[in-house]
Colleague: 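Let me begin by handing over the structure; questions about it come next.
The figures here come from the full heavy-atom set of this structure, side chains too, leaving out hydrogens, waters and symmetry mates. All chains are named by letter (A, B, ...) in the order of the sequence lines, taking the proteins before the strands, and each is independently numbered beginning at 1.
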Number of protein chains: 2
Amino acid sequence: MTPTEILTLYHLRKTPTRLSILEYLQISHLPQSENEIHKKMQDSYDRITFYRTIQTLMEAGIIHRIVADNTTVRYALNHYNSQLDEQNHDHVHFYCTKCGKVECMEEVVVQPYHLPDGYKIEECNVVVKGLCRQCIIKDHDR
Amino acid sequence: MTPTEILTLYHLRKTPTRLSILEYLQISHLPQSENEIHKKMQDSYDRITFYRTIQTLMEAGIIHRIVADNTTVRYALNHYNSQLDEQNHDHVHFYCTKCGKVECMEEVVVQPYHLPDGYKIEECNVVVKGLCRQCIIKDHDR
DNA sequence: TTTGTATATGAAACAATGTTGCAAATGTAA
DNA sequence: TTACATTTGCAACATTGTTTCATATACAAA
């Protein structure tokens, strides 16, 4: 689905900032930070617009925010289960403590948690921290 | 264990800022934000010292940081299993999306996750978001 | 194609949080 | 009491989050 098609589907206006962010997230293998998105968009970038665009896309359920750390925030497209036409972002996120890379582990599903009576669970975020393949290899070389 | 005893145990100097933060976290039922700690410490508070004290206490394993959200960071004392004298902060954190409260759910243990070969897991953070008892009750009243 | 209008943008202005370098202050061991 | 390694607090700055409001724009309807 193209960025234009996505915005049409969600009844959102096709503004340049929205289209640019969606385009960039689509071609990105990994979740991207504001800074990384900024670099790609160059001059056409305005922080306030970025901020509001992110809000809009998140509220619509088009993207999700990954908070890996108190200083590490990334954004990624939601993936859809085409059969159910339903959102499927109940996956685990991986954060490499050495290189700072963040990954959506689409195949690793979040376990259900039970809280004491009286709590209502809406969502569950899981961030697994450790070393990625590349960083383990670099470690061995030393 | 008193703050003084904790710092002695970890071979850290007993400075006023460290003692104040530990004292406050000990009497706090819930994890506290920098802002909340700041209010308690009043004039004797310096942001840079706070920042570095938090680093020191976290590195020592005395406290842990809970990142519930990109704008919600709290700190809490680690709890110890007195029998094993070992750290036990592999618990789930709850974040109320209505009142912003954060809780350590000591009794809800983090499920083990398996990542593809090549990843080395060091730590796993779980934040369950939803409504707390009080906010559910308030919701019903409306 | 033009136009009206609800929506989105971007400037200004500010709050909160994270971070480093460095000189002065201080905790603690001798 | 002293010596010194450690810690503090100031200055200075970077990043991120947020609101208000006038202007610009997307797009539906004429």
Side-chain angles (χ1 to χ4, degrees), chain A residues 2-23 31-60 62-75 95 97 100 102, chain B residues 2-23 31-60 62-75 95 97 100 102:
Chain A
T2 66
T4 301
E5 287 169 343
I6 293 172
L7 292 174
T8 300
L9 182 63
Y10 285 90
H11 306 293
L12 294 174
R13 291 191 179 177
K14 293 147 206 75
T15 67
T17 304
R18 291 176 187 173
L19 291 167
S20 298
I21 292 177
L22 289 179
E23 255 169 54
Q32 304 291 305
S33 68
E34 175 186 345
N35 205 332
E36 287 161 336
I37 296 170
H38 180 182
K39 279 182 204 150
K40 276 287 160 189
M41 292 176 59
Q42 312 250 7
D43 337 319
S44 64
Y45 178 85
D46 176 83
R47 279 195 56 244
I48 294 91
T49 304
F50 172 85
Y51 166 73
R52 282 188 282 221
T53 301
I54 289 294
Q55 298 275 356
T56 303
L57 297 177
M58 284 205 303
E59 278 160 22
I62 299 171
I63 65 173
H64 63 286
R65 172 190 280 141
I66 303 147
V67 182
D69 205 56
N70 60 327
T71 56
T72 310
V73 177
R74 304 281 159 87
Y75 301 94
Y95 175 55
T97 54
V102 173
Chain B
T2 66
T4 301
E5 287 169 342
I6 293 172
L7 293 174
T8 301
L9 182 63
Y10 285 90
H11 305 294
L12 294 175
R13 289 190 182 181
K14 294 147 206 74
T15 67
T17 304
R18 291 177 187 170
L19 291 167
S20 298
I21 292 178
L22 289 179
E23 255 168 54
Q32 303 292 306
S33 67
E34 176 186 344
N35 206 334
E36 287 160 338
I37 297 171
H38 180 182
K39 278 182 205 150
K40 275 288 160 190
M41 292 176 60
Q42 312 253 6
D43 337 318
S44 64
Y45 178 85
D46 175 84
R47 281 196 54 245
I48 292 89
T49 302
F50 171 85
Y51 166 74
R52 282 188 280 220
T53 300
I54 289 295
Q55 297 276 356
T56 302
L57 296 178
M58 284 205 303
E59 279 161 22
I62 298 171
I63 65 172
H64 63 287
R65 173 191 279 140
I66 303 147
V67 182
D69 204 57
N70 60 328
T71 56
T72 310
V73 177
R74 303 281 160 86
Y75 300 94
Y95 175 56
T97 53
V102 173

Colleague: In Å, rounded to the nearest 0.5 Å, how long is the span from OH of B/Tyr10 to OG1 of B/Thr56?
Modeller: 14.0 Å
Colleague: Assess, by modelled atom type and distance only, whether the side chains of A/Asn35 and A/Ser33 contain a donor and an acceptor separated by less than 3.5 Å.
Modeller: no
Colleague: Which is more 5' along DNA chain D, the nucleotide nearest B/Ser44 or the one nearest A/Val73? Just name the residue.
Modeller: B/Ser44
Colleague: What is the distance, to the nearest angstrom, from the CD1 atom on A/Ile54 to the P atom on C/dA8?
Modeller: 15 Å
Colleague: Measure the distance from CZ on A/Arg18 to C1' on D/dC27 and round it to the nearest whole Å.
Modeller: 13 Å
Colleague: Is there a donor-acceptor pair closer than 3.5 Å between any side-chain N or O of B/Thr72 and the backbone N or O of B/Ala68?
Modeller: no
Colleague: Roughly how far apart are B/Asn70 CG and A/Ile66 CD1, rounded to 0.5 Å?
Modeller: 12.0 Å
Colleague: By nearest nucleotide on DNA chain D, pick out whichever of A/Thr71 and B/Arg47 is the more 5' one.
Modeller: B/Arg47
Colleague: Which pair of non-hydrogen atoms, one from A/Lys14 and one from A/Leu7, has the smallest distance, and what is that distance?
Modeller: CA-CD1, 3.8 Å
Colleague: So which of B/Lys40, B/Lys39, B/Glu34 actually passes side chain to side chain donor-acceptor pair (under 3.5 Å) with B/Tyr45?
Modeller: B/Glu34
Colleague: Between D/dT15 atom C1' and A/Glu34 atom CD, what is the distance in whole Å?
Modeller: 8 Å
Colleague: So if I take the C1' atoms of five pairs at each end of the helix from C/dT1-D/dA30 to C/dA30-D/dT1 and get each local axis, what angle do the two axes make, rounded to 10 degrees?
Modeller: 30°
Colleague: Can you tell me how far apart CZ (A/Arg65) and CD1 (A/Ile54) are? Round to the nearest 0.5 Å.
Modeller: 7.5 Å
Colleague: Between B/Leu22, B/Ile21, B/Ile6, which is the residue that forms a side chain to side chain contact (heavy atoms under 4.5 Å, CB included) with B/Ile63?
Modeller: B/Leu22
Colleague: Using whole Å, report how far NE2 of A/His11 lies from P of C/dA8.
Modeller: 14 Å
Colleague: Whole-Å distance between D/dT15 P and A/Arg74 CZ?
Modeller: 14 Å
Colleague: Using whole Å, what does the distance between atom C1' of nucleotide C/dT28 and atom CG of B/Leu7 come to?
Modeller: 14 Å
Colleague: Kindly say whether B/Arg13 contributes a backbone atom to a donor-acceptor pair with the side chain of B/Arg18 at under 3.5 angstrom?
Modeller: yes
Colleague: Can you tabulate the close N/O pairs, meaning under 3.5 Å, that link protein atoms to atoms of nucleotides 23-25 of chain C?
Modeller:
none

Colleague: Under 3.5 Å between N/O atoms: give me all the protein pairs with nucleotides 20-26 of chain D, atom names plus distance.
Modeller:
| from | atom 1 | to | atom 2 | distance (Å) |
| --- | --- | --- | --- | --- |
| D/dT20 | O4 | A/Arg52 | NH1 | 3.4 |

Colleague: Of all heavy-atom pairs between A/Glu36 and A/Pro31, which one has the smallest distance, and what is that distance?
Modeller: OE1-O, 4.1 Å
Colleague: Verify the contact: side-chain N or O of B/Gln55 to OP1 or OP2 of C/dT19, cut-off strictly under 4.0 Å; return yes or no.
Modeller: yes
Colleague: Pick the closest DNA chain C nucleotide for A/Asn70 and for A/Leu12 by heavy atoms, then say which residue is nearer the 5' end.
Modeller: A/Leu12
Colleague: Measure the distance from CG on A/Asn35 to C1' on D/dG17 and round it to the nearest whole Å.
Modeller: 15 Å
Colleague: Between C/dG18 and B/Tyr51, is there an OP1 or OP2 to side-chain N/O distance shorter than 4.0 Å?
Modeller: no
Colleague: Donor-acceptor check, side chain of A/Glu5 to backbone of A/Thr2, threshold 3.5 angstrom: yes or no?
Modeller: yes
Colleague: Quick one: closest heavy-atom pair of B/Asp46 and B/Thr49, and the distance?
Modeller: OD2-N, 3.0 Å
Colleague: Atom CG of A/Leu57 to atom C1' of C/dT7: distance rounded to whole Å?
Modeller: 15 Å
